[in-house]
Amino acid sequence: MKRDAYAECLHAINAIWSEEGGSTLDDIALMATINSVLAHRFDYYFWTGFYRVCGERLIVGPYIGTIGCLQIAIGRGVCGTAAATQKTVIVPDVTKFPGHIACDAKSKSEIVVPVFGPDRELIAVLDIDSDQLDAFDDDDREGLERIVALFGS
Ligand code: SME
């Protein structure tokens, strides 16, 4: 079910990207497009957005949701941990993750996926929060990792 939904999202993002000359655009345009497709497809998503790697910090990029933190040090919080380890982090209960940065008290669980550019360099992380506990699993991880692979192609 979730797998089908992620496959549909990938298809939709690919279609709009190729029809509208995506390869002539930039990462911000792709981030905004991914956010829009995902945030409207999954009702358990509460906050959907990107933090971009800028030196030693992550700086907020396009997002859909309530006000997010503007900057996060690499290594701090869930986003900074995913950036430092370059691995997807799934947090079933944010109150149990040491150092979790709470931007909105409604956020209960979270997934953060590293985003790599064409030279396999880390360029951003995709952060998705849910207002439900334990909202994310391996199907979300696989679906989202496939979608952010578009930045490397
Ligand atoms: N919770 C994140 C911070 C970003 S917000 O959720 C939008 C973290 O701990 O890195």
Side-chain angles (χ1 to χ4, degrees), residues 1-3 5-6 8-10 12-13 16-17 22 25-117 119-152:
M1 189 72 181
K2 259 189 194 182
R3 284 176 184 220
Y6 279 110
E8 284 163 24
C9 288
L10 178 59
I13 294 160
I16 191 169
W17 195 244
L25 304 175
D26 62 10
D27 288 345
I28 302 286
L30 183 53
M31 289 174 182
T33 304
I34 290 172
N35 285 343
S36 179
V37 170
L38 290 176
H40 291 93
R41 182 63 183 78
F42 296 99
D43 55 11
Y44 56 93
Y45 281 28
F46 168 72
W47 195 97
T48 311
F50 289 86
Y51 281 90
R52 296 161 300 124
V53 174
C54 299
E56 297 304 306
R57 341 176 255 185
L58 300 169
I59 298 185
V60 76
Y63 68 90
I64 296 175
T66 54
I67 290 287
C69 321
L70 298 189
Q71 55 176 315
I72 298 169
I74 290 180
R76 302 236 9 243
V78 187
C79 291
T81 300
T85 60
Q86 307 205 350
K87 295 229 161 68
T88 296
V89 180
I90 294 176
V91 180
D93 178 349
V94 296
T95 63
K96 302 211 162 82
F97 186 93
H100 168 259
I101 301 162
C103 299
D104 190 313
K106 281 199 189 131
S107 173
K108 299 277 192 291
S109 62
E110 182 163 353
I111 184 169
V112 182
V113 182
V115 178
F116 301 99
D119 298 324
R120 290 291 301 160
E121 75 286 18
L122 184 77
I123 58 169
V125 297
L126 170 58
D127 176 20
I128 299 167
D129 291 20
S130 178
D131 54 4
Q132 300 168 24
L133 278 169
D134 201 11
F136 304 104
D137 58 24
D138 267 351
D139 286 344
D140 297 278
R141 185 181 56 72
E142 277 171 34
L144 294 169
E145 286 178 354
R146 270 193 203 119
I147 288 170
V148 302
L150 293 170
F151 290 94

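This is a predicted model, so every value here is computed, not measured. Residue numbers run from 1 in the order of the sequence given. Just follow the structure's listing: the first ligand is 1, and inside any ligand the first atom is 1.
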Going by the atom numbers of ligand 1, which of them fall below 4.0 Å from some non-hydrogen atom of [X]?
X: His100; result: 1 (N), 9 (O)
X: Asp129; result: 6 (O)
X: Asp127; result: 4 (C), 5 (S), 6 (O), 7 (C)
X: Tyr51; result: 4 (C), 7 (C)
X: Gly77; result: 9 (O), 10 (O)
X: Cys103; result: 3 (C), 4 (C), 5 (S), 7 (C)
X: Val78; result: 8 (C), 9 (O), 10 (O)
X: Trp47; result: 7 (C)

Notebook entry, point to check: Heavy-atom count around Arg141 CZ within 6.0 Å, excluding the residue itself: above 12?
Noted result: yes
Review point. Would you say the side-chain atoms of Glu121 pair up with the backbone N or O of Asp119, donor to acceptor, closer than 3.5 Å?
Key: yes
If you take all heavy atoms of [X] and [Y], which pair is closest and at what distance?
X: Arg76; Y: Ile72; value: O-CG2, 3.5 Å
X: Ser109; Y: Gln132; value: OG-O, 2.6 Å
X: Tyr51; Y: Leu58; value: CB-CB, 3.8 Å

Are Asp137 and Lys2 within salt-bridge range, i.e. N to O under 4.0 Å?
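Looking at Asp137 and Lys2, the cut-off is met.
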For atom 2 (C) of ligand 1, the closest protein heavy atom turns out to be Glu110 OE2, 3.1 Å
Checklist line | Which residue and heavy atom of the protein sit nearest atom 10 (O) of ligand 1, plus the separation | finding: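 Protein heavy atom at minimum distance: Cys79 N, 2.8 Å.
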Candidates Val91, Val112, Ile101; heavy atom nearest atom 3 (C) of ligand 1 found on Ile101
The single option from Tyr63, Tyr45, Phe46, Phe42 that satisfies side-chain contact (heavy atoms from CB on, under 4.5 Å) with Ile128 is Tyr45
Only residue of Asp139, Asp138, Asp140 satisfying side chain to side chain donor-acceptor pair (under 3.5 Å) with Arg3 is Asp139
Review point. Is the shortest N/O to N/O distance between Gly80 and ligand 1 below 3.5 Å?
Key: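 Between Gly80 and ligand 1, no N or O pair is found under 3.5 Å apart.
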